[in-house]
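Notes to accompany the following structure.
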Amino acid sequence: MDAVLIVDDEPAIREIFTVYLEMGGYKSLTATGGMECLELLKTQKPDIILLDLMMEPMDGLETLLAIRHYPPSSQIPVIIITGKQPTPEDILQYGGLIENFIVKPVDFKMIAESFHRIIEKNRELGREIDRIKNGEQDPELLSEYTRLLRLVRVAHNLKKRLKDRQWADRIPLKKLEERLQWLHKKLGFTDRLLQRDEGE
Amino acid sequence: MEERAKENERTIRVLANAIPDAIMLLDHNRQIIALNDAMARRFGYNYTREHGNSAIQLDRNGMFTSMESRIRELLHSGRPVHFEEKNQDEWLEISFILIPGSEGQNPRFFVQYHDITDHKRFEEQLKKEGITQIEQNMEQFQILNDQIRNPLQAIMGYVNLDCFQYRERIMDQIMMIDSLVDRLDRGWVESVKVRRFLLRHYRDNTDDVPDPMSGAKDGGRS
């Protein structure tokens, strides 16, 4: 059973997400803030983390960086789910560290259904990286690839959902995709990594 | 007659030196015909000794020389020219006024430097306070929007769980509130642009969109 860690300071959000996750066949873990999340990661290894942004005293972005810095959690997929509308700066700066950026309110049942696919894709990416690492590929290129893979996916999802947003034009998606495609071919990854599923 | 002329000159000199602005009268070749003490101090020369010298030659920091295009504009159009110029730490409002020559004579022009440094500093202070206020408003916008969307998310979740009779209507209401918050978001995006503009032009601190090809450094998986 895949485990999902919900990090949100709102008790009602934790409660309702827990209900939906358990209905969707996940084991749910909860943390009321960034510090508690990091503490929990010392003993637990969830398969995916749902992270709120506007929290005190440690906000979601600080928590995200800490998750990425801590080796046991550095590869766990993170989804930001928040009431704060992202800016292009947010996406460009943090989009490469997350799997998705979701703005509340959302039909959580639908979102939860996508977690299995995200978890599976992340595992596949891990396997592919392990396979490629056996060759003599430049680690910098691998790092850039994984960052761009996430960034392009996040930017695509947001662009699709927020069609009228003024920031959409300020993310050079075409340029990013071209670079991603180039790296993809150069590193010889499976094309499945580039496929985008509905509801992701 | 000569005594009266001298008396007139003394009167004009007293008046010219009584004002804090630096002023001078130049002929069309930029030769100084007259200047007050404030202008002499600005040039760093004694007025009496340098009388008749070229203003351009005395212009050791190049500021006056850089105004040559404005002088040509004045001589061409005949209309007074007013503009602001920053010279190291001071701001000046500079005026060039053409004085037509009498019959057969070339025109002369009057130059006035009015120090507006205090005014400019005050203006910049106001702009900085304006930026601070915008930043505070933006922060409040963000917190409020997040706080409104949290209960919306919770209501949506509970309704979808076990409210069948009125679910559609409640969802419609949730979407209406969300679209109102969306409008606030768009206003916030606008205010981000205003803030970026203010920072770029008034705080000398650019706040550009980061380079997507560099990104956050901790994004690498490998």
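In what follows, every heavy atom counts, from backbone to side chain, and hydrogens, waters and symmetry copies are set aside. Convention: sequence-line order gives letters A, B, ...; per-chain numbering from 1. From a predicted model like this one, the values you see are computed outputs, not experimental measurements.
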Taking every heavy atom of A:Lys84 against every heavy atom of B:Asp146, the minimum-distance pair comes out as N-OD1, 3.6 Å
Pair count under 4.5 Å, heavy atoms only, with chain B: among A:Asp8, A:Leu64, A:Ile13, highest is A:Ile13
Tell me whether the count of non-hydrogen atoms from other residues, nucleotides or ligands lying under 6.0 Å of CZ in B:Phe122 goes above 12.
no
Return yes when atom CG of B:Asp89 has more than 12 non-hydrogen atoms of other residues, nucleotides or ligands closer than 6.0 Å, and no otherwise. no
B:Asn150 and A:Glu10 have their tightest heavy-atom pair at ND2-CG, 3.4 Å
Under 4.5 Å to a heavy atom of chain B? For A:Val19 that would be side chain
Original post:
Counting heavy atoms not belonging to B:Arg167, are there more than 12 under 6.0 Å from its CZ?
Top reply: yes
Closest heavy-atom pair, B:Gln153 versus A:Pro105, reported as atoms and distance to 0.1 Å, is OE1-CA, 3.3 Å
When the 4.5 angstrom heavy-atom criterion is applied to A:Asp107 and chain B, the contacting part is both
### B:Tyr166 atom OH, neighbour heavy-atom count above 12 within 6.0 Å
no
Looking only at heavy atoms, the pair that brings B:Tyr158 and A:Ile16 closest together is CD2-CD1, 3.3 Å
Cut-off 4.5 Å, heavy atoms of chain A, and the answer for B:Ile155 is neither
Cut-off 4.5 Å, heavy atoms of chain A, and the answer for B:Leu161 is both
Worksheet entry | Flag if over 12 foreign heavy atoms under 6.0 Å of CE, A:Met58 | yes
Taking the side chain as C-beta and beyond, is there a heavy-atom pair between A:Phe108 and B:Asn160 under 4.5 Å?
-> no
Separation between NZ (A:Lys104) and CZ (B:Arg149), nearest 0.5 Å, reads 10.5 Å
Bottom line for A:Phe17: the part with an atom under 4.5 Å from chain B's heavy atoms is side chain
